[in-house]
Amino acid sequence: MLTSKSLINHHSPSLFSSKTPNTKTRITAFPFSHSPKPRSLSIKNSANESNSLSPKPSQFRVDILSESLPFIQKFRGKTIVVKYGGAAMKSQDLQASVVNDLVLLACVGLRPILVHGGGPEINLWLKRLNIEAVFRDGLRVTDSQTMEIVSMVLVGKVNKHLVSLINKAGAIAVGLSGMDGQLLTARPAPNSAQLGFVGEVARVDPTVLRPHIENGHIPVVTSVAADESGQPYNINADTVAGELAAALGAEKLILLTDVAGILEDREDPSSLVKEINIREVKQMIENEKVSGGMIPKVNCCVRSLAQGVRTASIIDGRLPHSLLLEILTDEGAGTMITG
């Protein structure tokens with residue numbers, strides 16, 4: 001059963017607490033005030049103390065950095081696989097937020113891997129070329145002509161754009177598709193007769209990734225792969241991220257989405273489930289509390305956990321710096337699923 005502790009209103013806490021004249025005031029640095037050993041910067045005012053006493057911005061920065069230490073120690077040297085898409089990809093501000101978060105995490109010793117799709121960009125280019133975008137059961141129908149556009153857009157444009165942004169932010173990124181180094185081997189989806197060249201992951205060989213990870217590079221992987229005969233397939237980016245996380249023995253899989261996470265009540269945004277295990281989330285699917293597009297994301301997380309990934313999170317990509325909130329605070333930025 002879900003406890004009341006599993007449900008929490010999804011609101012970002014304020015940097016400052018409220019202040020009442022002539023009373024003692026506690027000022028707590030955000031967002032890292034939810035560490036295993038909570039610390040806060042406190043300034044106590046009384047009637048006989050000078051009103052000129054005020055915290056310096058530099059002190060807040062130092063305090064926040066200090067409170068992040070337990071989380072940096074926990075994840076340092078660990079592989080984190082992040083699936084990037086949705087609103088966070090379409091908004092330039094959120095795109096910059098994700099890129100900066102990845103670079104910061106790499107700088108403090110984590111090993112992030114970014115997996116991406118690019119549906120809106122594909123739709124834009126199909127429209128420019130007067131090719132109709134067709135979907136069936138939420139999946140893109142991909143004939144040979146559409147597959148060619150998908151490969152051009154994802155591998156040649158979106159992937160290299162993200163690599164460029166990460167390099168510009170101060171890290172070293174390396175762009176790859178599933179075909180590079182036979183990182184991914186595809187197979188046709190069960191309903192390929194209706195969907196065309198939509199595939200699944202048949203095999204993962206992370207050999208080509210390991211030197212980049214060891215050298216502190218950030219791999220940026222797009223969800224295009226080929227089968228044994230060399231035929232390219234379009235694969236769901238969530239699926240690719242989950243299979244890569246499992247093959248690499250990742251500490252954490254994170255799916256950036258356009259929703260707050262898993263809700264106990266789909267009509268109530270304040271009913272966010274902060275943490276749940278596999279058994280409980282399967283029960284939510286059976287009870288139809290999880291439905292629609294969230295089901296494949298949850299199943300992707302469950303499959304990765306079953307293959308050894310420690311935790312999997314579905315987080316709100318619309319929230320600035322949601323990656324840092326999820327990894328470097330106890331508060332998180334969505335729903336974490338555990339084994």
Side-chain angles (χ1 to χ4, degrees), residues 9-15 30-31 80-107 110 112-128 133 135 138 140 149-150 152-171 173 175 218-224 234 236-238 240-241 252-263 269-270 272 292-294 296-297 300 313-329 331-336:
N9 291 341
H10 191 72
H11 298 294
S12 297
S14 172
L15 178 61
F30 172 78
I80 308 293
V81 177
V82 178
K83 184 270 179 173
Y84 177 49
M89 180 173 280
K90 290 179 282 188
S91 162
Q92 289 188 356
D93 289 341
L94 290 175
Q95 193 173 83
S97 171
V98 171
V99 167
N100 289 335
D101 287 359
L102 285 170
V103 173
L104 188 152
L105 292 173
C107 285
L110 281 72
I113 296 171
L114 187 67
V115 177
H116 71 88
E121 190 77 13
I122 294 170
N123 291 339
L124 175 64
W125 281 92
L126 288 173
K127 184 177 181 180
R128 287 181 179 180
F135 292 85
R140 184 186 301 277
I149 302 303
V150 168
M152 291 170 59
V153 172
L154 293 186
V155 180
K157 189 174 189 300
V158 177
N159 186 268
K160 301 314 171 190
H161 175 64
L162 292 173
V163 167
S164 177
L165 288 178
I166 293 171
N167 289 341
K168 183 179 178 181
I218 300 178
V220 181
V221 181
T222 191
S223 56
V224 173
N234 184 20
N236 179 274
D238 291 334
V240 170
K252 195 169 186 63
L253 167 68
I254 299 175
L255 305 182
L256 286 167
T257 68
D258 289 347
V259 296
I262 298 174
L263 303 178
S270 69
L272 178 67
M294 187 63 76
K297 293 183 182 297
C300 167
S313 296
I314 300 172
I315 72 171
D316 194 346
R318 302 166 301 177
L319 186 66
H321 299 297
S322 55
L323 281 177
L324 297 186
L325 286 169
E326 178 62 27
I327 295 172
L328 298 182
T329 76
E331 180 69 17
T335 300
M336 182 171 72

Minimum heavy-atom distance between K252 and S313, given as atom pair plus value: NZ-OG, 3.0 Å
Partners meeting side-chain hydrogen bond (donor to acceptor under 3.5 Å, both in side chains) with K157 (sequence neighbours left out): E121
I need the single residue from T257, I315, V98, D101 that forms a side-chain contact (heavy atoms from CB on, under 4.5 Å) with S322. Which is it? I315
Counting only heavy atoms not in K127, do more than 12 fall under 6.0 Å of its NZ? no
Heavy-atom donor-acceptor pair, S97 side chain to H321 backbone, under 3.5 Å: yes
Worked verdict on I254 versus I327 for side chain to side chain contact (heavy atoms under 4.5 Å, CB included): CA-CA 10 Å; I254 299 175; I327 295 172; 3.8 Å; yes
Has the side chain of N159 got a donor or acceptor atom that lies under 3.5 Å from a matching backbone atom of V220? yes
Validation row: I218, I113 side chains within 4.5 angstrom (heavy atoms): no
With sequence neighbours excluded, residues passing side-chain hydrogen bond (donor to acceptor under 3.5 Å, both in side chains) with N100: none
L325 vs E331, side chain to side chain contact (heavy atoms under 4.5 Å, CB included): CA-CA, chis, key distance, verdict: CA-CA 7 Å; L325 286 169; E331 180 69 17; 5.7 Å; no
In terms of heavy-atom contacts, S223 and V240 come closest through CB-CG2, 3.7 Å
A260 to R318 - nearest heavy-atom pair and separation: N-NH2, 3.5 Å
Just wondering, do L114 and L162 contact through their side chains at under 4.5 Å, heavy atoms? yes
Minimum heavy-atom separation for N123 to A133, with atom names? OD1-CB, 3.8 Å
Between I262 and T335 the two heavy atoms that sit nearest each other are N-OG1, 2.9 Å
Verify side chain to side chain contact (heavy atoms under 4.5 Å, CB included) between L253 and C300, making sure each step is shown before the conclusion. CA-CA 10 Å; L253 167 68; C300 167; 4.3 Å; yes
Apply side chain to side chain contact (heavy atoms under 4.5 Å, CB included) to the pair V99 and K168, showing each step before the final yes or no. CA-CA 10 Å; V99 167; K168 183 179 178 181; over 6 Å; no
Quick one: does L323's side chain get under 4.5 Å of Y84's, heavy atoms only? no
To the nearest 0.5 Å, what is the distance between CZ (R128) and CD1 (I149)? 11.5 Å
Do L256 and M89 have side-chain heavy atoms sitting under 4.5 Å apart? no
Report the distance from atom NZ of K83 to atom CG of D238, rounding to the nearest 0.5 Å. 4.5 Å
Nearest atoms (heavy-atom pairs only) where P112 meets L102: CB-CD2, 3.7 Å
Could you tell me whether a side-chain N or O of D316 sits under 3.5 Å from a main-chain N or O of A333, the two making a donor and an acceptor? no
